[in-house]
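All ligand and atom numbering here is 1-based and tracks the order in the structure.
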Amino acid sequence: MSLTPIGESRQKVTAAVLRLKKLGHEPITCITAYDYATARLVDEAGIDVVLVGDSLAQTMLGYENTLSVTMDEMLHHARAVRRGVKQALLIVDMPYGSYHVDAQDAVRNATRFVKEAGAEGVKIEGGEKRAELIRCIIDAEIPVAGHIGLTPQSVNRMGGYKVQGRSLADVEQLMRDAVALDRAGVAAIYLEGIPREVAALISAEVSAPTIGIGAGPDCDGQVLVFHDILNLTFGPPAKFVRRYGDGAALITHAVEAFRADVRARRYPSDEESYHLAEETKQALETVLERKRALRR
Ligand code: KIV
């Protein structure tokens, strides 16, 4: 039986629902959203998890990578998304620097996402070495999602955005990372940019649901970036991206058509204008006529 009936009776998605989906082999769906309008559309389309990813640094703010996005910027977007999401589980990315100082600082920052933006969970990049810190955040009653493999906040250490887990040693480290996150009690593990075979092994090993991006079809769920599926990223897509629409073409066409209509005085038409009531129009005409008569 499906846990996500279509229509009004759709249930609120929680971390427990994600686990049930894994147990029931029902694929979990996740898409990023960064503002009210897209969050509403994504939520109303029946997606299970809305992720306010720190990818907003690039997609929304035009930064080169995710490293410079701040807590305040993430909070600003998370609050807007909160207002648009009703049924989906809302997870917010902890930005680079917000959990790297010490556990106290990390708990304080995670708490801000819950108190100030209504987040139902936070996501943290890193495996084994973040397990203790993740326990502290979970102790503060905040569900945490882990994120391993190609972790964009490690771009400088990785020397670019490269598929991870290709050597035997790397595969073993990824397995240790996943198991450490699972034991720490994460609500989900995001697997990014790793070979399909490794993602399949991890997904079979851990009890937490895995949500893949560039990690093949054997994860418990899949996530894609909103701007990627709609061709709004101004560049060639990564191998794993499937485009479901051409938002760039749609927007460009609409904006060009508006510009052409204004320049040709085709917009606005009389039907697109407001009008005075007939009696007000007549009263105004009388006033104007009196003024004209005085000037003569
Ligand atoms: O920031 C983000 O959008 C993410 C997803 C790609 C998993 O972390």
Side-chain angles (χ1 to χ4, degrees), residues 18 27-35 38-39 42 47-71 73-78 80-81 85 88-99 109-110 113 117 119 121-127 130 134 143-155 158 160-165 174 177-178 181 186-194 199 202-203 208-216 219-230 232-233 235 237-243:
L18 298 189
I28 295 163
T29 55
C30 175
I31 290 188
T32 63
Y34 314 111
D35 60 38
T38 52
V42 167
I47 290 291
D48 296 314
V49 184
V50 170
L51 173 68
V52 184
D54 62 350
S55 51
L56 71 82
Q58 290 141 303
T59 56
M60 298 297 287
L61 304 177
Y63 292 128
E64 199 182 319
N65 54 45
T66 58
L67 299 179
S68 35
V69 72
T70 64
M71 275 296 298
E73 286 167 330
M74 290 300 296
L75 279 162
H76 173 78
H77 286 274
V81 170
V85 171
L89 180 69
L90 177 59
I91 296 182
V92 182
D93 253 343
M94 302 238 354
Y96 179 66
S98 69
Y99 57 96
N109 284 324
F113 283 123
V122 296
K123 177 162 79 59
I124 284 183
E125 292 186 9
R130 303 279 175 232
I134 287 172
V144 177
H147 181 163
I148 56 176
L150 193 173
T151 46
Q153 293 175 11
S154 320
V155 59
M158 294 183 305
Y161 299 106
K162 297 175 183 161
V163 172
Q164 303 293 299
L174 275 173
D177 286 336
L181 292 176
V186 292
I189 304 176
Y190 284 76
L191 300 176
E192 178 165 358
I194 61 174
I202 292 174
S203 302
T210 59
I211 302 180
I213 175 162
C219 302
D220 302 308
Q222 297 292 330
V223 54
L224 280 175
V225 168
F226 182 87
H227 287 56
D228 279 340
I229 66 172
L230 280 158
L232 292 169
T233 50
K239 174 181 177 146
F240 59 83
V241 170
R242 187 178 293 177
R243 285 189 167 152

Is a side-chain N or O of [X] found less than 3.5 angstrom from the main chain of [Y], in a donor-acceptor match?
X      : Y      : value
His77  : Tyr34  : yes
Glu125 : Gln153 : yes
Ser98  : Pro95  : yes

Give the contacting part of [X] toward ligand 1: side chain, backbone, both or neither, where contact means a heavy-atom distance below 4.0 Å.
X      : value
Ile213 : side chain
Asp93  : side chain
Leu51  : side chain

Examine ligand 1 and decide if any of its atoms is less than 4.0 Å from a heavy atom belonging to Lys123. yes

Looking at CG of Leu224 and SG of Cys30, how far apart are the two atoms once the value is rounded to the nearest 0.5 Å? 9.0 Å

At a 4.0 Å threshold, what atoms of ligand 1 neighbour a non-hydrogen atom of [X]?
X      : answer
His147 : 8 (O)
Gly53  : 1 (O), 2 (C), 3 (O)
Thr32  : 3 (O)

Using distance alone, decide if ligand 1 has a nitrogen or oxygen within less than 3.5 Å of any nitrogen or oxygen in Tyr34. no

Ser55: which of Asn65, Val225, Asp93 passes side chain to side chain contact (heavy atoms under 4.5 Å, CB included): Val225

Which residue and heavy atom of the protein sit nearest atom 2 (C) of ligand 1, plus the separation: Ser55 OG, 3.3 Å

Under 3.5 Å, is there a donor-acceptor pair between the Tyr161 and Glu192 side chains? no

Would you check if there is a donor-acceptor pair between the side chains of Asp220 and Ser203 at a distance under 3.5 Å? no

